[in-house]
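Working notes, structure below.
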Amino acid sequence: MVLVSTCVHLGLLFLAGQCLAQNDLNDKNTILYLMDRPLEPLFYAKGTNKEVLFHIPADYLPEQYKPFSSELENRFGGGQSEPGAKRIDIPSLSLPDLSLPRRLKRDEMFSTFIPLHRRMAGRLIEVFLGMRSLSDFITAAALTRDTINPGLWTFAMSIAVLHRNDTQNVDLPPLNALLPEKFFDRAVFTKARQDINILQTEERQPIVIPRDYTATDVEIEHRIAYFREDMGINLHHWTWHLVYPSSGPMEIVNKDRRGELWYYQHQQIIARYDFERMCNKLARVKPFNNFRETIKEGYFSKLDSLVASRVWPPRFENTQLKDVKRDEQELVFTIQDLERWRDRIYEAIQENRAQNTRGETVDLSGFNGIDILGNMIEASTLSINPNLYGNLHNMGHFAIALVHDPDNRHLETFSVMGDLATTMRDPAFYLLHKFIDDMFQDYKRTLPGYTEQELGFDGINVRGIEVISDGGSRNEFNTFWEQSDVELSRGLDIAPRGPVFVRITHLQHTPFTYRIQVENTGQPRMGTVRIFMAPKFDERGVPFVLRQQRILFIELDKFQTMLRQGSNIIERLSINSSLTIPYERTFRQLDSTKLVPDDQQFNYCGCGWPQHLLIPKGSIEGFPVELFVMVTSYADDRVEQAEPDGCRGGHSYCGLFNRLYPDRKPMGFPFDRNPRQGVQTLRQFLTSNMFAADMTIRFTERTQVRNTSGRAQPAKRQGPTQRRTVG
Ligand code: CUO
């Protein structure tokens, strides 16, 4: 046994009877190497240039490798690494009981919607969070990495890294880099492997994924596949649920207004989806509220699971939900269960009160009523009565996700509906969440409309709002297609190193500036500026009544500003929206630089709506919208708390990490409730601190390629960079 003093003398760390290099086990960046290529065993050299070699004690290797530990290490570790690669020795550590998470086989699919999997993840997260030091955490992560299901391990690691105090500011790799199979067409991987094996780095061209690879225009729903299948939107949804896990230790679940934020985030997703639908001449989505009805929409994702070596099962058109009976996953529920939970929740909404597990009545009419309902409907572990109100939304996802094989007779796994990173691809996601949102809207309709006094701000008159797009157009948002490159190689396990890019096409808009005129006849004060937008006309071309239009309003921005006496001109750039994370965050290129970035400035928080989808597509002829601005008193909105330490994502949809939600108003205010008596239209709703203006969103059918410096340039339509197409 080595003595502590020997280690101290050598400047090394004493751990579990061994001397270890201090730096690596106490270096947050080691986590990035551990998370690199999660499907590839840890004894493979890690990092872009194979610059790190992990050595773990043979006892912690997967069973099949234990007898050959040193051979494997020589073959794949030292033997393959770059000269001068760093070796990180992981010591033994007595780990708490992990038998629960270990029950999930390595090649099974993991889903946080399955209660058993949630318990497994909860246990692993608890163990990771419970490690007393950073070095113990890194050690536990390394020792469990290859013996726990990779999807489960990556999920638990991501949550632990986000929530541990000693791992703040670790720039978590995005899921599209870790598990690209959840984001890209299966055909891409074969081509990427070929390129990496045959071509030198500089000879490789981006593999172009066309916009139309999951269906043809014969399928009418395919018109908005660009939204459902957008990489940024799916990354956002995954990240949102990482920041707001629905189960696990209370310290990570019980966050300020999380139930309300779950409602608001998904309400806005549905509003945005309906907005996109209307831009594409599709009717608004219908709620899936009768579980006995067939689901008309089919979906074929074209994704493969590399973890399970399986195709994600498709859903054919006109399928009907069936009772789910999968004993091995402890996943057993009936359509009747769903109906019972639905009806009990409706009853609670109508009566404006619910019952908790102690049999007490819980009032839902107060400020936190929506929060209680959110946790109950989702259901998170904060649900006030899981026995009574059940698990409606999670099991709703799963009834749809298993519709092709509800009793596992075909040994098929769940479809994309069952995974947080893929569910937004499927049209059925929106049918389900529209039904969920209708429940919330029913609840909101039980609350009185805001009075003019509650809406107003004395002495503040908003005189106008205009939008100036870069390039000069006024009161017109400009949208177009853009192509961006994403590095793929880190998801290709057991393949030679070197970058290989896929080129994806996504919606984009020209950056713009809001110009708001505000007259202040009172004292100088701080105001909160709230900006929303909605379609002006319904599907028949008739102007919306506000009761319908209000749930279509999408938030665009919310910020504070000083209002001087007299007239004020407030200018605000679209790139500063309180919803969004910058383009560079969504499309960051990990491998084009290094696994561990030198520039820690680049480390902004990951949760936020992708900037490139801030503005809906609009239409070629110009889609008419109403832009709404409201200024409220910051003194009333303000939440007293410490400033967040450097970490600001898109807080309108994501809140502030480890802080209170930074607005005292109900989320979605002032459109979260029906308007007051007598108000039919948006114009009638306006008090003097509000303004609404007619504008258009004009889409141009052109495609720009974003170059590596991040600036847009015209696409070479048939140029050499687009010569290869997948799909
Ligand atoms: Cu986010 Cu259903 O809650 O997917």
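All ligand and atom numbering here is 1-based and tracks the order in the structure.
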Classify the side-chain pair T586/H612 by whether it contains a donor and acceptor separated by less than 3.5 Å. no
By the definition side chain to side chain donor-acceptor pair (under 3.5 Å), identify the one residue from E378, H266, H433 that meets it with H393. H433
Below 4.0 angstrom, N of the basic side chain to O of the carboxylate: do K558 and D663 qualify? yes
Check H237 against ligand 1 and report side chain, backbone, both or neither, counting heavy atoms closer than 4.0 Å. side chain
Is it the side chain (CB and beyond), the backbone, both or neither of Q265 that lies under 4.0 Å from ligand 1, heavy atoms counted? neither
So, N408 versus E328: side-chain donor-acceptor pair below 3.5 Å or not? yes
Need the atom name: nearest N/O/S atom of H393 to atom 2 (Cu) of ligand 1. NE2
Are side-chain N/O atoms of Y430 and D437 paired as donor and acceptor at under 3.5 Å? no
Can you give the angle H266 NE2 - atom 1 (Cu) of ligand 1 - H241 NE2, rounded to 10°? 100°
Against F291, only a single residue in W341, F333, F435 fulfils ring-ring contact (aromatic ring centres under 6.0 Å, His included); can you say which? F435
Under 4.0 Å from a heavy atom of F429: give me the atoms of ligand 1 that qualify, with their elements. 4 (O)
contact_flag W262 ligand 1 heavy-atom lt 4.0 Å: yes
Proximal atoms of ligand 1 relative to H433 (non-hydrogen, under 4.0 Å): 2 (Cu), 3 (O), 4 (O)
Distance filter under 4.0 Å to H397 heavy atoms, resulting ligand 1 atoms: 2 (Cu), 4 (O)
